[in-house]
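A quick write-up on the structure given underneath.
Chain A is the first sequence line, chain B the second, and so forth, proteins listed ahead of strands; every chain is numbered from 1. Owing to the predicted nature of the structure, the values given are computational and were not obtained by experimental measurement.
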Amino acid sequence: MNFEPAKLNSEQLQAVNTLAGPVLIIAGAGAGKTKTLVSRIVNLIDHGTRPNNILGLTFTNKAAGEMFSRIDSSLREKHIPERPWLGTFHSLGTKILRDNGYKFNIADRNDSIRYIKRALKQAGYENNQCDPKSVLATISRYKADGFSLNDFQKAFGDGQIKGFWEKLMSQIWPQYEKILMTENNLDFDDLLLKTRNLLSENDRLRKKYQNRWSHIHIDEYQDTNKIQYQLTHLLTNPQNPNICVVGDIDQSIYGWRGADMRNIIQFSKDFPETKTIILEKNYRSTANILYLADKIISVNKNRINKINKAHKDDGEPVKLLSAWSENDEAEKIITEIKKLLQQGLDPNDIAILYRLNFQSRALEEAFLKAGLPYKVIGVKFFQRAEIKDLLSYIISALDRENWSNLKRALSFLPEIGKVTIAKIASGEVEKLPPITQNKIKKFYNLLDKIEKLVEKESPKEVLNKVFSLSGLADKWRQEGEEGLEKIANIKELLVVASKYKNPGEEEMIKLLDEVALASDQDEISAGGVRLMTVHASKGLEFHSVFITGLEEGLFPHEYPGEDDHDPEEERRLFYVAITRARENLFLSYAQSRSIFGRQNINQMSIFLEEILDDLKIDEELDQEEPVKEYLTYD
DNA sequence: CCGTATTGAGAAAAT
DNA sequence: CTCAATACGG
Ligand SMILES: Nc1ncnc2c1ncn2[C@@H]1O[C@H](COP(=O)(O)OP(=O)(O)OP(=O)(O)O)[C@@H](O)[C@H]1O
């Protein structure tokens, strides 16, 4: 992509050339919001703003990385050494806390779930009596809404607690926080909450950061939640608010995580000087694709109508693939992909989107069977057991009180299990048999050695050496197929680690933070057609896109129970999915789909029903038959 | 302590 | 069906 101002249209240029004050950029999908944001940052620097004073917040670290590389290449040409700081709110929180002396490890979702399970057990709840995922989601939601445990306890003090959930929360949340504390962990939400507390309580520090980042940019502002909103306002200098946010309320798809599109709707009230710029020309998708996108999103009531005019021609018709089953669906998709590849299309420029992660399975099987390259995005690569196994040695070496990681590493020693580890933790090593004591001593010698290695060598070298020193390399080498996959994944980790060049604990912690905060594995190795959820596709674009599983109950997805959700969000999600495509769009559904090994019969999605007349049906692809006759399945 | 068998509950999007 | 948690025996 090219970011020369000459290539921008006049509205985009207006945004790029508004160098001071609050700026709000609004546009439908594919109108060049992100491109405009990048150009604006470069333009600010061209006009004398120091890169050091520029902050850019994005939705994923991958998006930040892409933005960074575009800005980087522009600055490189101009021989400017400084760089703006780009990242997610979470990585910003991590940075601010670390810069101010906080020492912690980041608990990822799996860690949090484990802690919740432990807390439930400690509070005397039987297994399966309540779902740990829901408990964590509730706590997380409170935190996203800006409530710390303290705030919660103030609001629900003695006598205030009524329902089952509130009672449960009042027992489990404090316990969960206690566990986080003893493990020296912050969870994802804490990274924002603690930063907010720090900045709101400490005037000097707040002013320092307002000064440091005098020019703030936020992408995907429609999907910010309350705590992010609060952070935005703490970081912005109220006397001189140079803040530029971009977004599209039709693409607000994280309401379930506390995102609130009122943040963007009220931006110009929050900052009365706001200059609002609306981009109406779409450069990404063909007119056919945009026509459908508009037809779908227009049904929503809670929105502000806007123009999204195609710059491209009509292009190919949008095609419907109807299938008997999920396997049939996958095969039909493979057939279409083969055609596209024959035309010379880059497989990396094709995406298959689905509503729920489990749908990737049937697709993967079809890809394997067909021998076509593919890549599932969003399988939490860095949360794999083998990655955590290796890192547990490093974390243990750097923090000898970190018992969850010590346990993990210790349990690789033969004949050492739960009971022995509990004795070590309670300082009763002398009571163990001499052979065991010896093993433990060796283990701690290894940790000492790792600690020294960290000081002397780059993270990558350290990881590589620990891989063999720990015995994990040998162990997995003997485990056949599965072991080899683990080893391959460790190699991928080493690739990521290699971008940290310097020895030392600080550099190692940066790597550990990245591993905890990384959103997906996209940057690791290339390789084939992209399979991902619609949520994960936010902000991306592909030449050809398949949207799968368009069945009632699945997309739009219905989940029993939930009452406070926004009924229009599923439609926005479908709108996001459609607008990922530049040239070709395929929509598919299966009449039957197995769930828990059971066949379920499904109706076609309401979304498909609404646009059937505009689609080209699969078997008819090569003929010009009228579409209608074909529409009588049931 | 550890490997294996059994059971039973589970599949919602993700920084 | 799949995977995590438990039970059991060597
Ligand atoms: N003025 C322009 N001329 C030509 N192409 C453009 C122009 N502006 C943007 N584009 C192209 O349009 C596509 C969409 O741009 P971009 O990703 O910035 O849009 P966006 O509004 O951020 O989309 P989304 O809302 O989906 O995140 C990109 O391929 C970009 O290069």
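A cation-pi geometry, defined here as NZ or CZ lying under 6.0 Å from the six-membered ring centre and within 45° of its normal, does not hold between A/Arg118 and A/Tyr176.
B/dT15 atom P lies 15 Å from atom CG of A/Asp219, rounded to whole Å. If you take CG of A/Leu191 and P of B/dA14, they are 19 Å apart, rounded to a whole angstrom. Following rounding to the nearest Å, A/Glu569 (CD) and B/dA14 (P) show an atom-to-atom distance of 13 Å. Taking atom CZ of residue A/Arg598 and atom P of nucleotide C/dT2, one finds them 15 Å apart after rounding to whole Å. Atom CH2 in A/Trp256 sits about 9 Å away from atom C1' in B/dT15, given to the nearest Å. Distance, A/Leu517 CG to B/dT15 C1': 7 Å, rounded to whole Å. Rounded to whole angstrom, the span from the NZ atom of A/Lys133 across to the C1' atom of B/dA11 amounts to 7 Å. Following rounding to the nearest Å, A/Ile595 (CD1) and B/dA12 (P) show an atom-to-atom distance of 10 Å.
Side-chain polar atoms of A/Glu568 and A/Asn302 form no donor-acceptor pair below 3.5 angstrom.
For A/Glu415, counting side-chain heavy atoms from C-beta on, the closest listed nucleotide (B/dT15, B/dC2, B/dA12) is B/dC2.
The aromatic ring of A/Tyr254 does not sit over the base of B/dA14, since the test of centres under 5.5 Å and planes under 30° is not met.
The minimum heavy-atom distance linking A/Ile41 with A/Ile71 is given by the pair CG2-CD1, 3.7 Å.
Rounded to a whole angstrom, the distance from the P atom of B/dA13 to that of C/dA4 is 16 Å. Across the C1' atoms, C/dT6 and B/dA11 are found 22 Å apart, a figure rounded to whole Å.
Within 6.0 Å of the NZ atom in A/Lys194, the count of heavy atoms belonging to other residues, nucleotides or ligands does not exceed 12.
Among the atoms of the strands shown, none is found under 4.0 Å from any heavy atom of A/Lys538.
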